[in-house]
Participant: 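Provided herewith is a single structure, encoded as structure tokens, for subsequent inquiry.
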Amino acid sequence: MTPKQKYLFDLRGYLHLENVLTPVELRNTQAAIERLVQASPDELPPGIRRGGEGFSNGFSADKSLEALTLHPTTWPIIKELTFNKPRFNRGSLVVNTHERQEMTPLHCAGEGFRWTRRYDVKNDRIFTNDIVVFFYFTDVYPGDGGLIVLPGSHKRNFKRPKNLFFPEPDNPEAPLHPAIVNVTPKAGDVVIITEMLTHGVLVWKPQDRDRRFLILRYKTQFFQDDRGIRELFPPEVMERLSPETKALAAYAAEWEEKELVKQDNVTLT
Ligand SMILES: O=C(O)CCC(=O)C(=O)O
Ligand SMILES: [Fe+2]
């Protein structure tokens, strides 16, 4: 990470990177997503299901999307934040429309009884074991809705008082609390957060445009949650992943170093 990125990520808990995708990457990914959106349920690639507002395992629908798990701009950052021990563990594609009328309340990792999610700075280096990378394929403008974050909250030390930020939870017109930021990425931009950051989602207001983005989640390679170390993706999905993506998604012990992390530019084979 550049000194500026490091400073801002540590200060705020997220980074908004502009114009990460090249015009060709953007065209190919947008076309792949449009094909998914137009597909009938039996035309979806095996292991991908439409549900709620998107497609589970949508990252595996096309190589242009799968390649984003190791994108040359985000990959070095993921390696740095995990101390070179990354594991990709989920990749859903979201198509967020005005039809969904309720907001996603503010939430974050580490708020409950679990102490397994971390954000630390050691020896001038940031460590976090729960990273979310959002690749955007459509534009978000101020007032549209979408992702909101509470900058700095990844370093909170106290429980968030109930209703502090949304005293009128049912009023979508209520002004945002001044501590909350609505992130407005454009197509081709990337937002990286530590899941320790308090965030939520405002109702999507435009009726003529939707919000399309990929959610790529990364943990440390030795992180154990409910799903433990077993396979993260259905066999039909695993089958079509490139060896590099499989390596990225593989469990490994804390002392091991994946071959993959020695490279900054990984091409899917
Ligand atoms: O819809 C969004 O922008 C954020 C979704 C979310 O909260 C998450 O993926 O952790
Ligand atoms: Fe979230």
Side-chain angles (χ1 to χ4, degrees), residues 9 12-18 20 29 33 36-37 49-60 65 68-69 74 78 81 87-112 114 116-119 128-154 156 160 165-166 169 172 176 180-206 209-219 223 225-227 232-233:
F9 190 82
R12 306 187 303 194
Y14 73 99
L15 280 181
H16 175 179
L17 308 174
E18 295 179 355
V20 171
T29 48
I33 295 165
L36 267 190
V37 169
R49 265 199 304 278
R50 196 189 297 243
E53 279 201 303
F55 301 85
S56 60
N57 299 309
F59 79 98
S60 69
L65 294 169
L68 302 184
T69 61
T74 51
I78 291 153
L81 292 175
R87 186 186 193 195
F88 167 61
N89 82 323
R90 199 131 49 102
S92 332
L93 183 75
V94 179
V95 178
N96 176 201
T97 72
H98 73 280
E99 275 158 42
R100 179 159 182 258
Q101 276 306 311
E102 71 273 20
M103 72 169 284
T104 302
L106 291 174
H107 63 281
C108 59
E111 236 183 355
R114 284 191 178 152
T116 50
R117 307 309 212 272
R118 301 207 55 89
Y119 176 90
T128 182
N129 61 1
D130 198 343
I131 303 163
V132 194
V133 179
F134 301 108
F135 277 90
Y136 273 76
F137 308 103
T138 52
D139 294 342
V140 180
Y141 295 96
D144 283 353
L147 181 65
I148 49 170
V149 297
L150 180 58
S153 54
H154 59 306
R156 70 196 176 271
R160 175 163 45 89
F165 297 108
F166 287 93
L176 270 188
I180 302 270
V181 171
N182 179 203
V183 189
T184 55
K186 303 295 172 286
D189 288 4
V190 166
V191 177
I192 303 182
I193 68 168
T194 164
E195 182 76 21
M196 294 293 287
L197 179 75
T198 301
H199 61 286
V201 188
L202 297 176
V203 169
W204 185 251
K205 288 192 178 161
R209 293 179 282 123
D210 52 23
R211 185 171 68 111
R212 299 183 178 191
F213 63 102
L214 194 59
I215 306 178
L216 302 179
R217 292 179 184 275
Y218 301 83
K219 302 275 192 299
F223 184 90
D225 58 12
D226 310 337
R227 297 191 289 178
L232 301 166
F233 307 110

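Heavy atoms only: backbone and side chains are in, while hydrogens, waters and symmetry mates are out. Counting convention: from 1, in listed order, for ligands and their atoms alike. In this chain, residues are counted from 1 in sequence order.
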Participant: Identify the two heavy atoms, one from Thr74 and one from Val133, that lie closest to each other, and give their separation to 0.1 Å.
Facilitator: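 Minimum heavy-atom separation between Thr74 and Val133: CG2-CG1, 4.0 Å.
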Participant: Side chains of Leu106 and Ile180, heavy atoms from C-beta outward: is any pair under 4.5 Å?
Facilitator: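 Yes. Closest side-chain heavy atoms under 4.5 Å.
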Participant: Pick out which of Leu214, Val20, Val190 makes a side-chain contact (heavy atoms from CB on, under 4.5 Å) with Leu68.
Facilitator: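 The option that passes is Leu214.
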Participant: What residue and heavy atom of the protein are closest to atom 5 (C) of ligand 1, and at what distance?
Facilitator: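 Checked against all protein heavy atoms, atom 5 (C) of ligand 1 sits closest to Val201 CG2, 4.0 Å.
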Participant: For Met103, which part has a heavy atom under 4.0 Å from ligand 1: side chain, backbone, both, or neither?
Facilitator: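 For Met103, no heavy atom sits under 4.0 Å from ligand 1.
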Participant: For the atom pair OG1 (Thr128) and NZ (Lys219), what is the distance rounded to the nearest 0.5 Å?
Facilitator: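 One gets 9.5 Å once the value is rounded to the nearest 0.5 Å.
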Participant: How far does CG of Asn129 sit from CE of Met196, to the nearest 0.5 angstrom?
Facilitator: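 Between atom CG of Asn129 and atom CE of Met196 there are 8.0 Å.
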Participant: Ignoring hydrogens, what is the shortest heavy-atom contact between Leu147 and Tyr136? Give both atom names and the distance.
Facilitator: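 Scanning both residues, the minimum pair turns out to be CB-OH, 4.1 Å.
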Participant: For the Fe ion (ligand 2), which protein N/O/S atoms fall under 2.8 Å? Skip waters.
Facilitator: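 Protein N, O or S atoms closer than 2.8 Å to the Fe ion (ligand 2): His107 NE2, His199 NE2.
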Participant: Which atoms of ligand 1 are found less than 4.0 Å from any heavy atom of Phe134?
Facilitator: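 In order of number, 4 (C), 9 (O).
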Participant: Is the Phe9 ring parallel, tilted or perpendicular to the Tyr119 ring (thresholds 30°, 60°)?
Facilitator: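 Correct class here is tilted.
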Participant: Which residue supplies the protein heavy atom nearest to atom 9 (O) of ligand 1, what is that atom called, and how far is it?
Facilitator: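 In this structure, atom 9 (O) of ligand 1 has Arg217 NH2, 2.8 Å as its nearest protein heavy atom.
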Participant: Mark up the atoms of ligand 1 that fall under 4.0 Å of a heavy atom belonging to Ile215, in ascending order.
Facilitator: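 So the answer, numbered in order with elements, is 9 (O).
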Participant: Quick check on the 6.0 Å ring-centre criterion: do Phe233 and Phe88 meet it?
Facilitator: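 Yes, they do, as the ring centres are separated by less than 6.0 Å.
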Participant: Find all atoms of ligand 1 within a distance of less than 4.0 Å from any non-hydrogen atom belonging to Arg211, and give their numbers and elements.
Facilitator: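 Contacts of ligand 1 toward Arg211, numbered from 1: 1 (O), 2 (C), 3 (O).
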Participant: Check whether more than 12 heavy atoms from other residues, nucleotides or ligands sit under 6.0 Å from atom CZ of Arg100, and answer yes or no.
Facilitator: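 Yes - once you tally the heavy atoms of other residues, nucleotides and ligands closer than 6.0 Å, there are more than 12.
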